[in-house]
Amino acid sequence: MSARALLNGVRVAPSILSADFARLGQQVGEVLVAGARIIHVDVMDGHFVPPITMGPIVVGALADQVHAAGGMLDVHLMIERPERHVSEFVKAGADSISFHSEATPHIAYAASLIAQSGAGVGVAINPATAIGVLEDVLGEIDMVLCMTVNPGWGGQQFIARSPEKIGRLRRRMSADIALQVDGGIDPHTAPVCADVGANVFVAGSAIFSSGEPGDAYRAIAHSVNAE
Ligand code: DX5
Ligand code: ZN
């Protein structure tokens, strides 16, 4: 299945940010076996957000395993000037790349670079960013990533006003654009987001901070009737 087809389904996307990096391949294997097909990779640069996390090397290390299982690597860039780094992530095996509208002066240019590379295009907005910033680029992208916590860390609490914003976003978007939510997603918050139109549910700590990532993945997938 293509990356765009995967993103357009109802899917839970495990975020490896909360995985045990000493056994990353094994942990990713557990969620793939449980049915996950979108593996979410959080890239942070110490500038756009305070922490530094991972880069193309980690994408490259997982690419064969994820692709062999029929899955995709969904890269979430929390970095300044994301347009400068698109090609290295695509070369490493990224299937979709989301960048933050707040991190570049030229959203359309960054989106076009990703599209030309063949990867799916996502634009992310922070909780405090108004949805209007997306209005004139919606025709050129495959996914909107609506942050439901402020970016930077796993394990934060879902921001309670998020569903109202998600609903407004969904009403502005055509049905073939995916709407991803990220931050504080678990079996309680995922259905709330699904009810207002989200279809891709990123979950980090709810999956990997549990003793059994496969079971935790299944619990969230069940809560939204994911494929
Ligand atoms: C936060 C990242 C998220 C993070 C979510 O900046 O974008 O993808 O892994 O973690 P949880 O699910 O623990 O809120
Ligand atoms: Zn993320």
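Counting convention: from 1, in listed order, for ligands and their atoms alike.
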[atom] - nearest protein heavy atom and its distance:
atom: atom 10 (O) of ligand 1; result: Gly154 CA, 3.5 Å
atom: atom 14 (O) of ligand 1; result: Gly184 N, 2.8 Å
atom: atom 1 (C) of ligand 1; result: Trp153 O, 3.6 Å
atom: atom 5 (C) of ligand 1; result: Asp182 OD1, 3.5 Å
atom: atom 12 (O) of ligand 1; result: Gly204 N, 2.8 Å
atom: atom 9 (O) of ligand 1; result: Ser15 OG, 2.8 Å
atom: atom 2 (C) of ligand 1; result: Asp42 OD1, 3.4 Å
atom: atom 6 (O) of ligand 1; result: Gly152 N, 2.8 Å

If we only consider heavy atoms of [X], is any one of them less than 4.0 Å away from an atom in ligand 1?
X: Ala206; result: no
X: Val202; result: yes
X: Phe158; result: no

Relative to the heavy atoms of [X], which atoms of ligand 1 are at a distance of less than 4.0 Å?
X: Gly183; value: 14 (O)
X: Met78; value: 6 (O), 7 (O)
X: Ala203; value: 12 (O)
X: His76; value: 7 (O)
X: His40; value: 8 (O)
X: Pro151; value: 6 (O)
X: Leu17; value: 4 (C), 9 (O)

Measure across [X] and [Y] and return the closest heavy-atom pair with its distance rounded to 0.1 Å.
X: Ile125; Y: Ser101; value: CG2-OG, 3.5 Å
X: Ala108; Y: Glu140; value: CB-OE1, 4.4 Å
X: Ser117; Y: Val90; value: OG-CG2, 3.3 Å
X: Ala124; Y: Glu102; value: O-OE1, 3.9 Å
X: Asp182; Y: Met147; value: O-CE, 3.5 Å
X: Leu169; Y: Ile131; value: CG-CG2, 3.6 Å

[Y] and [X], any side-chain heavy atoms less than 4.5 Å apart:
X: Pro82; Y: Phe89; result: no
X: Val202; Y: Ile38; result: no
X: Ser162; Y: Val181; result: no
X: Ser18; Y: Ile207; result: no
X: Ser15; Y: Phe208; result: no

May I ask whether Ile220 and Leu32 are part of the same hydrophobic cluster, defined by side-chain heavy atoms of I, L, V, M, F, W, Y residues being less than 4.5 angstrom apart, directly or through others?
yes
Any heavy atom of Ser205 under 4.0 Å from ligand 1? The part involved is both
Can you check whether Ala216's main-chain N or O pairs, donor with acceptor, with Ser210's side chain at less than 3.5 Å?
no
Which residues and atoms, protein N, O or S only, are under 2.8 Å from the Zn ion (ligand 2)?
His40 NE2, Asp42 OD1, His76 ND1, Asp182 OD2
Side chains of His40 and Asp42: do they bring a donor and an acceptor to under 3.5 Å?
yes
Give a yes or no on whether His67 atom NE2 has more than 12 heavy-atom contacts from other residues, nucleotides or ligands under 6.0 Å away.
yes
Fit a plane to each ring of Phe48 and His100, take the angle between them on a 0 to 90° scale, and name the class: parallel (under 30°), tilted (30 to 60°) or perpendicular (over 60°).
tilted
Please report whether ligand 1 has a polar contact with Gly155, defined as an N or O pair separated by less than 3.5 Å (distance criterion only).
yes
